[in-house]
Undergrad: 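There's a structure below that I have some questions on.
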Amino acid sequence: THVVTENCIKCKFTDCVDVCPVDCFREGANFLVIDPDECIDCAVCVPECPANAIFAEEDVPQDQVQFIALNAELSPEFGMINRSKKPLPDADDWNGVDDKLKYLER
Ligand code: F3S
């Protein structure tokens, strides 16, 4: 599967969802996840993310591995999204900020 990691939080650019052929993105208030039961590992979403937040599971950086479980955990709780929308306010300012996990709204 592919995994959405920390830099999506408080950005949520949503460019990723337009290209997913299987509609596997799930949307929370300030973060998206990928449903690991639906993702077919096509990887087309990876270069679409302006925050570089999406990785193949095997390529998730060491300090982000907890996001593998978090995508699986939140997928059933978040709703389906397959059309992009406006990024969150100040998305550009939050892009690249460290330690955003504490801001995750669930
Ligand atoms: Fe998040 Fe990047 Fe998609 S910021 S919503 S994973 S385009």
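Not measured: the values here are computed from a predicted model.
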Undergrad: So do E6 and F67 actually touch side chain to side chain, heavy atoms under 4.5 Å?
TA: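 Yes; the side chains approach each other to less than 4.5 Å.
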Undergrad: Considering only NZ, NE, NH1 and NH2 on the basic side and carboxylate oxygens on the acidic side, decide whether K85 and E27 come within less than 4.0 Å.
TA: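 Salt bridge flag = yes for E27 with K85.
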Undergrad: Which pair of non-hydrogen atoms, one from A43 and one from H2, has the smallest distance, and what is that distance?
TA: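 Between these two residues, the closest heavy atoms are CB-NE2, 3.6 Å.
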Undergrad: Just by distance, no angles: are the side chains of S84 and D15 close enough, under 3.5 Å, to form a donor-acceptor pair?
TA: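 No, no side-chain donor-acceptor pair sits under 3.5 Å.
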Undergrad: Do side-chain atoms of E57 reach the backbone of V3 as a donor and acceptor pair under 3.5 angstrom?
TA: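 No, E57 side chain to V3 backbone: no donor-acceptor pair under 3.5 Å.
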Undergrad: Measure the spacing between CD1 of I9 and CG of N95 and express it to the nearest 0.5 Å.
TA: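 If I round to the nearest 0.5 Å, the distance is 12.5 Å.
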Undergrad: Do the non-hydrogen side-chain atoms of V4 and F25 ever get within less than 4.5 Å of each other?
TA: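 Yes, side chains in contact.
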Undergrad: To the closest 0.5 Å, what do you measure between CG (L70) and CG (L104)?
TA: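 Answer for the CG-CG pair, L70 versus L104, is 6.0 Å.
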Undergrad: Where is the tightest heavy-atom contact between I40 and P21, given as atom of each residue plus distance?
TA: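 The pair with the smallest heavy-atom distance is CD1-CG, 4.1 Å.
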Undergrad: F31, L101: one ILVMFWY side-chain cluster at the under-4.5 Å cut-off?
TA: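 Per the 4.5 Å side-chain linkage, F31 and L101 are co-clustered.
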Undergrad: Would you mind telling me which of N71, T1, V22 makes a side-chain contact (heavy atoms from CB on, under 4.5 Å) with C39?
TA: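 Single side-chain contact (heavy atoms from CB on, under 4.5 Å) partner of C39 among N71, T1, V22: T1.
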Undergrad: In plain terms, say whether K10 and E105 are close enough for a salt bridge, that is, a side-chain N and a carboxylate O under 4.0 Å apart.
TA: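 Salt bridge flag = no for E105 with K10.
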Undergrad: Hey, are the side chains of R106 and E73 touching, using non-hydrogen atoms and a 4.5 Å cut-off?
TA: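 Result yes, sub-4.5 Å side-chain heavy-atom pair found.
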Undergrad: Please tell me if the side chains of E38 and D23 come closer than 4.5 Å, counting only heavy atoms from C-beta onward.
TA: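 Answer no - side chains too far apart.
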Undergrad: In terms of side-chain heavy atoms, does N7 have a donor or acceptor partner in N52 at a distance below 3.5 Å?
TA: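 No.
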Undergrad: When you look at K100 and W94, which way does the side-chain contact (heavy atoms from CB on, under 4.5 Å) test go after all the steps?
TA: CA-CA 9 Å; K100 292 197 282 183; W94 284 101; 3.8 Å; yes
Undergrad: With no hydrogens and no angle check, is any side-chain donor or acceptor of N30 less than 3.5 Å from a backbone partner on C11?
TA: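 Pair absent, no side-chain N/O of N30 close to backbone of C11.
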Undergrad: According to a hydrophobic-cluster definition based on side-chain heavy atoms being under 4.5 Å apart (Ile, Leu, Val, Met, Phe, Trp, Tyr only), do Y103 and V33 belong together?
TA: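 Yes, because Y103 and V33 connect within a single hydrophobic cluster, where side-chain heavy atoms sit under 4.5 Å apart.
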Undergrad: Do T5 and F55 touch side chain to side chain, with heavy atoms closer than 4.5 Å?
TA: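 A side-chain contact exists here, since the closest heavy-atom pair is under 4.5 Å.
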Undergrad: For the pair K102 (side chain) and D99 (backbone), establish whether a donor and an acceptor sit closer than 3.5 Å, ignoring hydrogens and angles.
TA: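 Here the side-chain-to-backbone pair exists.
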Undergrad: What distance separates I34 CD1 from D41 CG, expressed to the nearest 0.5 Å?
TA: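 So the gap between those two atoms works out to 9.0 Å.
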Undergrad: Which one of C45, P50, P47 satisfies the side-chain contact (heavy atoms from CB on, under 4.5 Å) criterion with C16?
TA: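 Single pass found, and it is C45.
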Undergrad: With the side chain counted from C-beta on, respond yes when K12 and P87 share a heavy-atom pair under 4.5 Å apart, and no when they do not.
TA: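 K12 vs P87: side chains apart.
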Undergrad: From C20 SG over to D35 CG, what is the distance, rounded to the nearest 0.5 angstrom?
TA: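 Those atoms lie 10.0 Å apart.
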Undergrad: Roughly how far apart are E48 CD and D18 CG, rounded to 0.5 Å?
TA: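 Reported value, rounded in 0.5 Å steps: 8.5 Å.
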Undergrad: Quick check on the hydrophobic clustering: are V46 and I81 connected, directly or via other members, by side-chain heavy-atom contacts under 4.5 Å?
TA: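 The answer is yes; both residues are in one hydrophobic cluster.
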Undergrad: Which value, rounded to the nearest 0.5 Å, describes the distance between I54 atom CD1 and C8 atom SG?
TA: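 Answer rounded to 0.5 Å: 7.5 Å.
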